[in-house]
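Working notes, structure below.
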Protein chains: 2
Amino acid sequence: MHNLWEMQRLLIPEGMADLRKRYMILHHLLVSGQTGRRSMVQALGFSERMLRTDIEFLKEHGLVHVESSGVRITDWGRELVEKLEPSMNEWLGLDKLELELSNRFSLKKSIVVRGDSEQSDWVRREIGRAAGEYLRAVINPGDVIAVTGGSTLAEAAEQIASQPALKQNWFVPTRGGLGEDVSLQANTIASTMAKRTGAQHRLLHVPDHLSEEAHQSLMQEPSVYEVVQAIRSSRIVVHGIGDAVRMAERRNMAGDQLEALLNDGALAEALGYYFDRQGKVVHETPTVGLSMPDWQKAEQVVAVAGGSSKAGAIAAVLRFGHSHVLVTDEAAAKLLLNL
Amino acid sequence: MHNLWEMQRLLIPEGMADLRKRYMILHHLLVSGQTGRRSMVQALGFSERMLRTDIEFLKEHGLVHVESSGVRITDWGRELVEKLEPSMNEWLGLDKLELELSNRFSLKKSIVVRGDSEQSDWVRREIGRAAGEYLRAVINPGDVIAVTGGSTLAEAAEQIASQPALKQNWFVPTRGGLGEDVSLQANTIASTMAKRTGAQHRLLHVPDHLSEEAHQSLMQEPSVYEVVQAIRSSRIVVHGIGDAVRMAERRNMAGDQLEALLNDGALAEALGYYFDRQGKVVHETPTVGLSMPDWQKAEQVVAVAGGSSKAGAIAAVLRFGHSHVLVTDEAAAKLLLNL
DNA sequence: ATCTCGCGGGTCTGTAACCGACCCGACCAA
DNA sequence: TTGGTCGGGTCGGTTACAGACCCGCGAGAT
């Protein structure tokens with residue numbers, strides 16, 4: 001069942017942020033007793049003015065006393081915190097997971113949504129929405145955003161939205177066609193995202209893996225060359241993370257190749273590269289699209305993947321160390337932190 | 001147990017108001033399907049611009065679709081409303097109670113807090129807080145506010161607060177000393193309220209009921225006369241509602257008088273007047289303070305009382321028809337509506 | 001064919017809330 | 001006495017948003 005808090009967060013995100021702030025203040029006061037504003041700034045990491053506004057609010061509502069010697073929680077406030085504590089802990093737990101994930105894998109940011117995407121479709125949508133929300137926040141005018149395929153990214157494409165339209169941005173696929181299901185292809189996803197945000201898009205109308213000669217000749221085509229240039233200049237890359245075996249199958253890899261792959265310890269796949277448990281690249285599929293140098297050059301590489309069965313794969317790709325942001329779900333996050 | 005929603009309302013009142021607004025919009029859309037903005041304005045009573053802002057918010061978060069033919073709820077939004085419905089109904093139920101109370105007793109406004117003040121102290125405090133909040137909202141500079149005694153009003157005095165200080169306002173008691181417990185006396189309450197809001201106060205240092213001669217001679221005293229003038233010019237009156245018998249006892253009424261009172265059907269007491277079931281005045285205690293003409297003249301008469309056992313008394317006083325606002329609790333409100 | 005009404009949406013403007021930044025006097029301990 | 005911390009006053013810039021008004025569009029009535 002989806003948590004009440006999560007539902008509220010959909011309807012009043014700013015309100016829930018306020019709630020969190022004010023609860024943290026009260027909780028801190030409950031723990032540390034009489035405290036000064038400035039020391040609270042240190043402990044909680046809020047700006048002083050903001051803290052002051054909230055403390056004034058709490059004072060007005062009789063939840064704290066504020067005297068010349070510092071701020072003190074009232075009995076009423078204490079009662080409130082104690083009754084609120086179990087629910088809040090459960091809710092704030094996500095923030096702790098995010099923080100620990102960021103530290104463990106040296107990420108710039110990580111976003112965790114409650115639940116397990118393998119248990120409930122709702123959670124998959126939440127991951128998509130969270131990724132879309134983050135994207136919208138970091139996109140600057142003129143940015144090119146490269147996106148991969150996959151079911152999680154497809155969900156993100158359905159959930160992204162922008163107001164006003166991102167007329168100055170381009171969405172491009174990281175590679176060409178792959179597999180059968182058109183709705184999960186990078187091309188489709190780039191197109192959907194562009195449509196839903198009012199941005200432009202370019203598609204890469206070539207098969208994903210092809211011979212060296214075909215590669216060379218296709219690159220002579222202006223319509224291909226231009227798109228590839230755009231892809232390689234992406235400031236933002238959004239990629240899914242897949243199980244190595246399943247991705248190899250989707251790519252129709254030959255049986256002996258697959259065996260070789262597994263012998264090399266391949267566990268995960270992202271952006272066409274296969275990784276072993278330690279995050280070492282053990283195989284790659286040549287592409288006309290985004291390749292390793294472009295990946296390492298991109299400023300914002302966002303990995304999007306969830307579900308308890310994917311935790312190992314996610315860890316492998318994160319250990320490789322060139323993704324900056326992870327969007328995942330609670331189930332995967334917890335497994336990630338237990339090695 | 002105190003509801004999660006109520007606790008949230010303490011920490012983020014504005015946020016909960018937003019939540020209510022947005023939920024109402026979604027719910028309305030769920031019920032009426034495709035709807036236009038203007039017809040929604042009629043149905044929900046919001047301003048159009050506000051509605052638009054919220055609809056834009058809901059659109060951005062993928063909860064509604066908005067097309068040229070009107071606004072439509074998405075499947076996701078529908079799911080959200082359906083999951084949120086039970087909790088919201090319980091919470092919004094208070095609003096319905098308030099509305100019904102206002103209609104039934106021709107009140108300008110009624111405020112209902114969740115719970116039963118006879119079951120939990122917390123609810124008593126909530127009534128006090130709600131009354132204090134309402135007061136703060138309606139007080140204009142220069143107003144004189146007359147308050148009675150009683151435990152509920154005492155609680156309100158503890159909960160009221162104001163920022164900035166109401167330097168231009170005066171709190172006065174409706175009458176003089178009464179009974180033993182100083183903390184429940186009108187004088188004390190007026191003083192506390194003034195202190196907590198930064199307002200002025202004047203006290204009435206005379207016993208509540210006294211002989212005609214004593215009355216006349218006291219009114220010659222300037223210190224008394226001035227305060228009485230202030231009391232009689234009150235724009236705002238805040239009074240509790242009491243059980244007739246208990247109030248008579250607090251006033252040390254003689255046994256035969258009490259018997260006469262009961263024979264007359266006295267059920268409730270407010271502001272020194274005793275009412276029968278129909279709201280007819282059956283007895284009064286002479287006072288140097290606020291009397292009937294002043295009561296009828298006051299622009300804002302706020303009745304504050306809660307608890308299931310007081311429902312009958314509240315109904316009696318409200319039927320008298322000279323109180324404009326009622327602050328009570330859920331238990332009393334429900335009984336009031338069942339005759 | 002035209003009119004009209006209700007639809008979403010664009011835009012300007014005043015306002016209120018709020019945050020950053022800076023300063024102040026009071027208090028306390030070294 | 002001095003330095004650090006306490007709460008609080010104040011000012012200016014920013015932002016979010018509500019109010020008010022207008023627009024073009026399309027469906028249905030005339």
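Values in this document were obtained by computation on a predicted structure and should not be read as measured data. We name chains A, B, ... by the order of the sequence lines, and we start the count at 1 in each one.
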Please report, rounded to the nearest Å, how far the [atom2] atom of [N] is from the [atom1] atom of [X].
{"X": "B/Phe57", "N": "D/dC17", "atom1": "CZ", "atom2": "C1'", "result": "14 Å"}
{"X": "A/Glu56", "N": "C/dC18", "atom1": "CD", "atom2": "P", "result": "10 Å"}
{"X": "B/Asp18", "N": "C/dA17", "atom1": "CG", "atom2": "P", "result": "14 Å"}
{"X": "B/Ile12", "N": "C/dC18", "atom1": "CD1", "atom2": "P", "result": "14 Å"}
{"X": "A/Ile55", "N": "C/dC18", "atom1": "CD1", "atom2": "C1'", "result": "16 Å"}
{"X": "A/Gln34", "N": "D/dT5", "atom1": "CD", "atom2": "P", "result": "16 Å"}

Side-chain N,O (B/Thr35) to OP1/OP2 (C/dC7) below 4.0 Å: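 Result: no.
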So does B/Ser39 get a side-chain nitrogen or oxygen closer than 4.0 Å to the phosphate oxygens (OP1/OP2) of C/dC7?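 Affirmative; the distance criterion is met.
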Generate the contact string for nucleotides 19-30 of chain C. Rules: B means base contact, S means sugar-phosphate contact only, - means no protein heavy atom under 4.0 Å. BBB---------
Indicate yes or no: does [X] engage [Y] in a salt bridge with an N to O separation below 4.0 Å.
{"X": "A/Arg9", "Y": "A/Glu14", "answer": "no"}
{"X": "B/Arg129", "Y": "B/Glu133", "answer": "yes"}
{"X": "A/Glu155", "Y": "A/Arg125", "answer": "no"}

Is A/Ser47 reaching over with its side chain to a backbone N or O of A/Met50, donor-acceptor style, under 3.5 angstrom?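 Pair found, side chain donor or acceptor close to backbone of A/Met50.
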Donor-acceptor pair, B/Arg196 side chain versus B/Glu158 backbone, under 3.5 Å?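 Yes, because the side chain of B/Arg196 sits within donor-acceptor range (under 3.5 Å) of the backbone of B/Glu158.
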Closer to the 5' end of DNA chain D via nearest nucleotide, is it A/Val71 or B/Leu51?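 Result of the comparison: A/Val71.
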Of A/Gly70 and A/Glu14, whose closest DNA chain D nucleotide lies nearer the 5' terminus?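 Whichever sits nearer the 5' end wins; that is A/Gly70.
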If you compare all heavy atoms of B/Leu51 against all heavy atoms of B/Arg37, which two are closest, and at what distance to 0.1 Å?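 Here B/Leu51 and B/Arg37 meet closest at CD2-O, 3.5 Å.
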